[in-house]
Amino acid sequence: MTDPLTRWRAHAGSAVLLDGFHALKHAVRFGAEVPVAVTTDRAAALALAEELAQDVRAALDALLTEVPAQTYASLVPRPHPTGVAALAVRPSREANLGALARTPRTAPVVVLDNPRNLGNAGAVIRLAAGFGATGVVTTGTLDPWHPTVVRGGAGLHFATAVERLGVEELPAGPLFALDPEGDDIRRTTLPDDAVLAFGSERSGLSAELRARADHLLALPMRPQVSSYNLATSVAMTLYHWSITGGAPSASRAAVRAPS
């Protein structure tokens, strides 16, 4: 077997950076192909797996190679507190498009219309994976597989279909767009095949997407409060969908520091 640095350099140009233990844990849990994974403290990483992720401990044991801290720091743009990093093979665009287009759907697709903030996009992908959404689509210039987005998503890009598309390429299904001028979402039942669209943090929905929307919906908000954070808006909307019976079975969620 080649050494980890050689494998890292061989895959770095095309692979997805998994920054931190939790990103690697989730990627492995949801079937990612991981050609190389390194850590500054193998025993500590495996102890963390024993505590938090026993289901993937054996896989991490086989994957992780210990390297000096200086070597690890040279591989990542910003060292993670857990001292773990890995490279994963990005799912094919064809596979993701197939998942997004498959009907009938059992869960909505989330659309971020021209988002600007990489961290917000990652938080939305993490939320969508938690709710079992079919996928997350971005329009505009933001790359939803940017390392900062993957970091914000804690590796959960591998738990749902994540792609960038034009508005004209969005998956089929009734398009519900969130807009302050829309109808109160509490009076609407969101179907499982819904496409749920959210405007950018600064300028809201684009004219193109707004014109295509089948329904405009508004979240309840106290007067004089200008807006919600993008991830908060997505969470509220997916929760509204879930209470109609569409979400996966509830289980106790672990609340941990962001990875």
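Nothing here was measured: the structure is a model prediction, and the numbers come from that model. Because only heavy atoms are used, hydrogens play no part in the values below, and waters and symmetry mates are left out as well, while side chains stay in.
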Original post:
Ala45 and Leu64: which non-hydrogen atoms are nearest, and at how many Å?
Top reply: CB-CD1, 3.8 Å

Original post:
Are the charged groups of Glu33 and Arg90 less than 4.0 angstrom apart, N to O?
Top reply: no

Original post:
Is there side-chain contact between His157 and Val16, with heavy atoms separated by less than 4.5 Å?
Top reply: no

Original post:
Do Leu87 and Leu17 come within less than 4.5 Å of each other through their side chains, counting heavy atoms only?
Top reply: yes

**OP:** Report yes or no: do Leu209 and Val195 belong to one cluster of Ile/Leu/Val/Met/Phe/Trp/Tyr joined by side chain heavy-atom distances under 4.5 Å?
**Re:** yes

**OP:** Return yes if some donor-acceptor pair links the side-chain N/O of Asn96 with the main-chain N/O of Val162 below 3.5 Å, else return no.
**Re:** yes

Original post:
Going only through I, L, V, M, F, W and Y residues with side-chain contacts under 4.5 Å, is there a path from Val167 to Phe198?
Top reply: no

**OP:** Spell out, as yes or no, whether a donor-acceptor pair under 3.5 Å connects the side chain of His26 to the backbone of Ala154.
**Re:** yes

Original post:
Would you say Leu52 and His22 make side-chain contact, with heavy atoms under 4.5 Å?
Top reply: yes

Subject >> For His146, all residues meeting ring pair (Phe, Tyr, Trp, His ring centres under 6.0 Å), sequence neighbours excluded >> reply: none

Original post:
If we only count heavy atoms from C-beta on, is the Val137 to Val110 side-chain gap below 4.5 Å?
Top reply: no

Original post:
At their closest point, which heavy atom of Pro91 faces which heavy atom of Phe158, and how far apart are they?
Top reply: CD-CE2, 3.6 Å

**OP:** Using side-chain contact (heavy atoms from CB on, under 4.5 Å) as the criterion, point out the one residue from Thr139, Val111, Leu97 that pairs with Leu165.
**Re:** Leu97

Original post:
Is there a side-chain contact between Leu196 and Val109 (heavy atoms, below 4.5 Å)?
Top reply: no

Original post:
Is a side-chain donor or acceptor of Arg29 paired with a backbone partner of Leu24 at a separation under 3.5 angstrom?
Top reply: no

**OP:** Say whether Val150 and Leu230 are linked into one hydrophobic cluster, either directly or through other cluster members, by side-chain heavy-atom distances under 4.5 angstrom.
**Re:** yes

Subject >> Which atom of Ala133 lies closest to which atom of Ala107, heavy atoms considered >> reply: CA-CB, 3.9 Å

**OP:** Test side chain to side chain contact (heavy atoms under 4.5 Å, CB included) on Leu60 and Val28 and set out the steps.
**Re:** CA-CA 8 Å; Leu60 297 183; Val28 170; 4.1 Å; yes

Original post:
To the nearest 0.5 Å, how far apart are OG1 in Thr148 and CG in Asp143?
Top reply: 10.0 Å

**OP:** Following the transitive rule for hydrophobic clusters with a side-chain heavy-atom cut-off under 4.5 Å over Ile, Leu, Val, Met, Phe, Trp and Tyr, establish whether Leu217 and Leu127 coincide in one cluster.
**Re:** yes

Original post:
Of all heavy-atom pairs between Ala177 and Ala213, which one has the smallest distance, and what is that distance?
Top reply: CB-CB, 3.8 Å

**OP:** Begin from the C-alpha positions of Asn114 and Ser206 and carry the test side chain to side chain contact (heavy atoms under 4.5 Å, CB included) through to its verdict.
**Re:** CA-CA 8 Å; Asn114 200 26; Ser206 66; 5.8 Å; no

Original post:
For Gly166, does its backbone N or O pair with a side-chain atom of Glu169 as donor and acceptor, under 3.5 Å?
Top reply: yes

Original post:
How many angstroms lie between atom CD1 of Ile125 and atom CG of Leu156, to the nearest 0.5 angstrom?
Top reply: 9.5 Å

**OP:** Look only at the side chain of Arg105 and the backbone of Asp193, and say whether a donor-acceptor pair between them is shorter than 3.5 Å.
**Re:** yes

Original post:
Just wondering, are more than 12 heavy atoms of other shown residues or ligands nearer than 6.0 Å to CZ in Arg102?
Top reply: no

**OP:** Check Ala121 against Leu112 and note the closest heavy-atom contact, atom names and distance.
**Re:** CA-CD1, 4.1 Å

Original post:
If you measure from CG on Leu216 to CG on Asp183, what distance do you get to the nearest 0.5 Å?
Top reply: 8.0 Å

**OP:** Taking all heavy atoms of Arg164 and all of Pro144, pick out the closest pair and write down the distance.
**Re:** CB-CD, 3.9 Å

Original post:
Cluster question for you: counting only ILVMFWY and a side-chain heavy-atom cut-off of under 4.5 Å, with indirect links fine, are Trp145 and Val36 together?
Top reply: no

**OP:** For side chain to side chain contact (heavy atoms under 4.5 Å, CB included), just list the numbers for Thr237 and Ile185, CA-CA rounded to whole Å, side-chain angles, deciding distance to a tenth of an Å, and then say yes or no.
**Re:** CA-CA 8 Å; Thr237 304; Ile185 193 172; 3.9 Å; yes

Original post:
When rounded to the nearest 0.5 angstrom, what is the spacing between CZ in Arg126 and CZ in Phe131?
Top reply: 13.5 Å

Subject >> Sequence neighbours excluded - side chain to side chain donor-acceptor pair (under 3.5 Å) pairs with any residue from residues 60-75 >> reply: Arg42-Asp61

**OP:** Indicate the ring-plane relationship of His215 and Phe176, choosing parallel, tilted or perpendicular according to the 30° and 60° boundaries.
**Re:** parallel

Original post:
Is the shortest heavy-atom distance from the side chain of Pro77 to the side chain of Pro147 under 4.5 Å?
Top reply: no

Original post:
Are any of the side-chain heavy atoms of Ser233 and Leu219 separated by less than 4.5 Å?
Top reply: yes

**OP:** Would you indicate whether the side-chain heavy atoms of Arg7 and Pro35 approach each other to under 4.5 Å?
**Re:** no

Subject >> Separation between CZ of Arg212 and CG of Leu205, rounded to the nearest 0.5 Å >> reply: 13.5 Å

Original post:
Could you state the interatomic distance from NE2 (His80) to CZ (Arg151), rounded to the nearest 0.5 Å?
Top reply: 5.0 Å

**OP:** Take Thr141 and Arg116 through the side chain to side chain contact (heavy atoms under 4.5 Å, CB included) test and state the conclusion after the steps.
**Re:** CA-CA 8 Å; Thr141 59; Arg116 300 296 185 181; 4.3 Å; yes

Subject >> Short side-chain to backbone donor-acceptor contact, Thr40 and Ala69, under 3.5 Å >> reply: no

